[in-house]
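Notes for the one structure printed next.
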Amino acid sequence: MMLTVVLACAAALLGLGVLAVGIARSASATRIIYGASMIVAAISCAAAAMHLLTAAAPESAALPVGVPWLGAHFRLDALSAFFLVVVDLGAFGASLFALGYGEHETAPQRVLPFYPAFLCGMTLVVLADDAFSFLFAWEFMSLSSWALVVSHHRVPENVRAGYVYLIMATFGTLALLLGFGLLAGADGHYTFEAMRAAHPATLVGALALILAFIGAGSKAGVVPLHVWLPLAHPAAPSHVSALMSGVMTKVAVYGFIRIAFELAGPPAWWWSIVVLAVGGVTAVMGLLYALMQNDLKRLLAYSTVENVGIIFVGVGLALAFRAHDMQAAAALALTAALFHVFNHALFKSLLFFGVGAVLTATGERNMERLGGLIHCMPQTAFLVLVGCAAISALPPLNGFASEWLTFQAVLLSPQLPSWGLRILVPAVGALLALSAALAAACFVRAYGITFLGRPRRAFSPLPTETDGFSRAAMILLGCLCLVAGVLPGLFIDALAPVTTALIGAHMPQQSDLQWLSIVPIAASRSSYDGLLVFLFMVISGTLAASAIHRLASDRVRRAPAWDCGYPDPSPATQYTAMSFAEPIRRVFGTTVFRAKEIVDLPPPGDIRAAQLKVEMRDLIWDFIYVPIAEAVSVTADRLNPLQFLTIRQFLSLVFGALVILLLVLALWP
C-alpha cells in the first residue's frame, strides 16, 4: 500500500517536470511547481514514515518497463523507508524555501523543469530493487542535478563545474555498473533478491564492495573523489545546493549501505579498513579545506565532505563489529551513522538556506565583503546560528547527539579481536576529535565574519530580512535540529527496524528510560540526556541574566569607550576571514596545501600599498586529476588516426575485437 503511494508520488514529480516545461515562463510557474512539489514530498514522507514507524513488512512491486526480460522492480523496506524520509523531508524544506527564493531566480525556465525530476530521481534510487532500475534512476538523478548546476550557463565557472561533475558522475556510475556485474555473476541475475541469495565469495564481495565504495563515494564526496562538490554546489541555486549537499549525498550513502550490508554477502573484518581509513581522512580534510574558503557556499560544500566522512566512519565500524559477531556494537555504530545522515540533512539544508537568504539580500557570498548582518537580518542570523551550533556538534542540538554516539562506538574498539582494527579505530577516533574541533573553529569564523562586527562594504539598498516562506523553511529545520538533539531517543528507536533488518540487532529501547536519556550499551558505561542539558542551559541562562539585571548597579559611570582593539573606525581594521584562519593555516597549510606567503613591502618613499598574498595548491587535484587529464589527452591524440580508417579497416577492427571478447568469455571460469 505505502509503496504504491510512494511510486505515485514519484510519477507525480515526473509529471510536474513535464508541466514545468510548458508553464515555466508564466508568472505563477514558481508557486505552482514548488508548491506542488512540496505537497507531493509531504505525502511521500508521511507514507515512508508510517512504514518505518510501524515496522511494516517489506513491500515489492514489478513494473513491465525497462529491460524486456527483467522489468523494473521496486521495494519499500525499513532501509529505503528511512532514506525516503530523509529525501522527502529535504525536498519539503527546499520546496518551501523556494516558494520565496525562487521569485528572485533570473532563469526559472532552466530550473523548474529539472527540479521535480531531480526529486523523482532520488526517490527512485531509494526504491529500486534491481541493478538496471537502480543505475537508470542513478543516472537520471545525476543528469537532472547536472542540468540544475549549469542552469546559469553564462557564468564560465558554472560550465566548468558542470563538466567536472558530469565526468565524476560517469566515473561513479561505471564503478557501480562493474560492481553489480560482479554481484550478478555469470548467470546475470540482476534483481537484488537474487543477489541477496547468491552469497558471493569473499574476494568477489570485497571487490564489489570496493567498486561500490568508489561509485557511491564519488557521489557522496569522500576524499579524493570530492573535487566536484566545491565546484557544483556554489553553481546551483541555493535550494538545489541544499538538496545536493544535504540529500543527494545521503542517497549515495544509501547505495553503499545497501550493497555492503545486503548484496555483498557476509563481511570480512578487513573490508572495514578501507572504509574507516578513508572516512577518517575525509572528515579532517573536509574541514581543513573549508577553513581556507571565503565563499560561503564552497565552505558549506567542503563541510559536507567532513560530515560524509563521519558517516562512513560509523558505517565502517558497523562492518567491523558485524564481521566479529558483535551485534550490539554493530547496531550502535550503524545507528550513529544513520542518525548523522538524518541530522546532517537538517542542519546542512538550514545553512544553505541561510546563505541563500544572505545572497538574496546582499548579492554577496564572499565573507570578506559581508559583516554586521545581524542588525538588518536578525531572524536569519539567529536561525543560521542554530545551524552553526548544530554542525559544530554543540549540545543540546542534534549534531552533538549523533557524533556522541559515533564516539561511543569508537570506544568499543578494544573489544575487537583483530589487532589491525584495534590500532586503526582509535587513530580514526582521534581524527574525528580533531575534525570536531576544526568544525567549531570553521563555523565561529563563518558566522562571526558574516553576521557580526561592522559591514565591510556599503550596501545600497540596505539588506532586509528574507521573505516569509524562506524563514518558515529555516524555522522548521531549526526546530527539528533542536527536537532531534533534545529527544534523540525517539529518533534512535525509529531506526531500530533498519538496524534489525541489516544486522539482526538494535540499540536498547530508549523511550522507556527515565528523563528520555539515551544509553548506547548500558547505563554503567555511558549515557546522555539531551532534555536535562537543555533544561539546565535554559534555567541557568535565565537565572544568570535575571541576576545581572537585578543586582547590577544603576549608577552611570563614565570612561573611555573600549575600542575592541580597533582604534580606527574603518571596517577594514576588523579581522578578516583569512586572518581568522591564519593560525590553522600556518599549522596545517604548509603540508596539506603547500601554502606560501608572498609579501610585497614597498621601500621607503614608495607610495604603493603593501600587499600580502597567500598561494595555496590543491595537492589532490594536482597529483591525481591533472595527470589523469593529461594522460587522457595524450591517449586521445594517439587514437585520433582511427577516425580516418577505411571501411575495410573498421570492419577488421570490429571483427578482431569480437574475437577477443569471445575468447575472454570462453576462458572465463
Side-chain angles (χ1 to χ4, degrees), residues 157 221-224 226-231 233-234 245 280-310 351 355 364-371 388-389 391-394 427 430-453 456-457 564-566 571-601 609-626:
E157 292 82 0
V222 299
V223 173
H226 67 288
V227 292
W228 64 272
L229 269 86
L231 299 175
H233 289 188
S245 186
V281 172
T282 297
V284 174
M285 289 295 295
L287 257 305
L288 289 177
Y289 277 112
L291 276 162
M292 300 301 113
Q293 305 304 313
N294 294 334
D295 187 307
L296 285 169
K297 278 194 171 186
R298 287 176 65 89
L299 182 150
L300 293 179
Y302 278 122
S303 170
T304 295
V305 174
E306 179 249 351
N307 283 275
V308 166
I310 294 174
L351 289 171
V355 171
E364 287 286 349
R365 64 187 194 211
N366 187 344
M367 287 187 288
E368 302 288 22
R369 297 175 62 83
L370 296 170
C388 290
I391 202 171
S392 301
L394 297 179
L431 291 177
L432 289 185
L434 176 60
S435 70
L438 292 175
C442 178
F443 285 94
V444 166
R445 168 180 177 261
Y447 187 83
I449 299 297
T450 303
F451 289 96
L452 305 181
R456 289 168 175 78
R457 54 162 288 194
C564 303
Y566 307 122
T573 61
Q574 300 179 105
Y575 256 59
T576 65
M578 290 305 293
S579 62
F580 195 100
E582 182 183 8
I584 297 175
R585 174 172 56 79
R586 289 186 180 276
V587 173
F588 297 102
T590 304
T591 303
V592 179
F593 305 106
R594 298 284 175 88
K596 182 172 62 175
E597 293 183 353
I598 301 174
V599 180
D600 180 13
L601 189 62
Q611 291 184 343
L612 172 64
K613 183 179 180 182
V614 179
E615 291 185 351
M616 290 183 291
R617 297 172 57 190
D618 189 338
L619 299 185
I620 292 176
W621 182 268
D622 290 346
F623 293 136
I624 296 180
Y625 293 98
V626 170

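Numbering of residues begins at 1 and proceeds along the displayed sequence.
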**Message:** If we ignore hydrogens and angles and just use 3.5 Å, is the side chain of Glu368 paired with the main-chain N or O of Ala577 as donor and acceptor?
**Reply:** yes
**Asked** For Val305, does its backbone N or O pair with a side-chain atom of Thr282 as donor and acceptor, under 3.5 Å?
**Response** no
If you take all heavy atoms of [X] and [Y], which pair is closest and at what distance?
X: Pro230; Y: Ala301; value: CA-CB, 3.9 Å
X: Asp622; Y: Val626; value: O-CB, 3.6 Å
X: Ala290; Y: Ser303; value: CB-N, 4.2 Å
X: Gly221; Y: Leu229; value: CA-CD1, 3.5 Å
X: Leu431; Y: Val284; value: O-CG2, 3.3 Å
X: Ser392; Y: Cys388; value: OG-O, 2.7 Å

Test item: [X] and [Y] side chains (from C-beta on) under 4.5 Å apart, heavy atoms:
X: Ile584; Y: Leu288; result: yes
X: Met292; Y: Val614; result: no
X: Val355; Y: Leu299; result: no
X: Met578; Y: Arg445; result: yes
X: Val222; Y: Val308; result: yes
X: Cys442; Y: Tyr302; result: no
X: Met285; Y: Val592; result: yes
X: Ile598; Y: Glu615; result: yes

**Phe451 and Tyr447 aromatic centres sub-6.0 Å** = yes
**Prompt:** Thr304: what forms a side-chain hydrogen bond (donor to acceptor under 3.5 Å, both in side chains) with it, not counting sequence neighbours?
**Reply:** Ser245, Lys348
**Request:** Only counting residues at least two apart or in another chain, list the ones meeting side-chain hydrogen bond (donor to acceptor under 3.5 Å, both in side chains) with Tyr289.
**Result:** Asp618
**Prompt:** According to the salt bridge (charged side-chain N to carboxylate O under 4.0 Å, His left out) rule, which pairs have a member within residues 574-596, sequence neighbours left out?
**Reply:** Glu582-Arg586, Arg585-Glu597, Arg586-Glu597
**Asked** salt bridge (charged side-chain N to carboxylate O under 4.0 Å, His left out): which pairs involve residues 294-307, sequence neighbours left out?
**Response** Asp295-Arg365
**Request:** With sequence neighbours excluded, tell me which residues meet side-chain contact (heavy atoms from CB on, under 4.5 Å) with Phe623.
**Result:** Arg617, Leu619
**Prompt:** By ring pair (Phe, Tyr, Trp, His ring centres under 6.0 Å), which residues pair with Phe588, not counting sequence neighbours?
**Reply:** none
**Asked** How long is the span from the CZ atom in Phe443 to the CD1 atom in Ile391, to the nearest 0.5 Å?
**Response** 3.5 Å
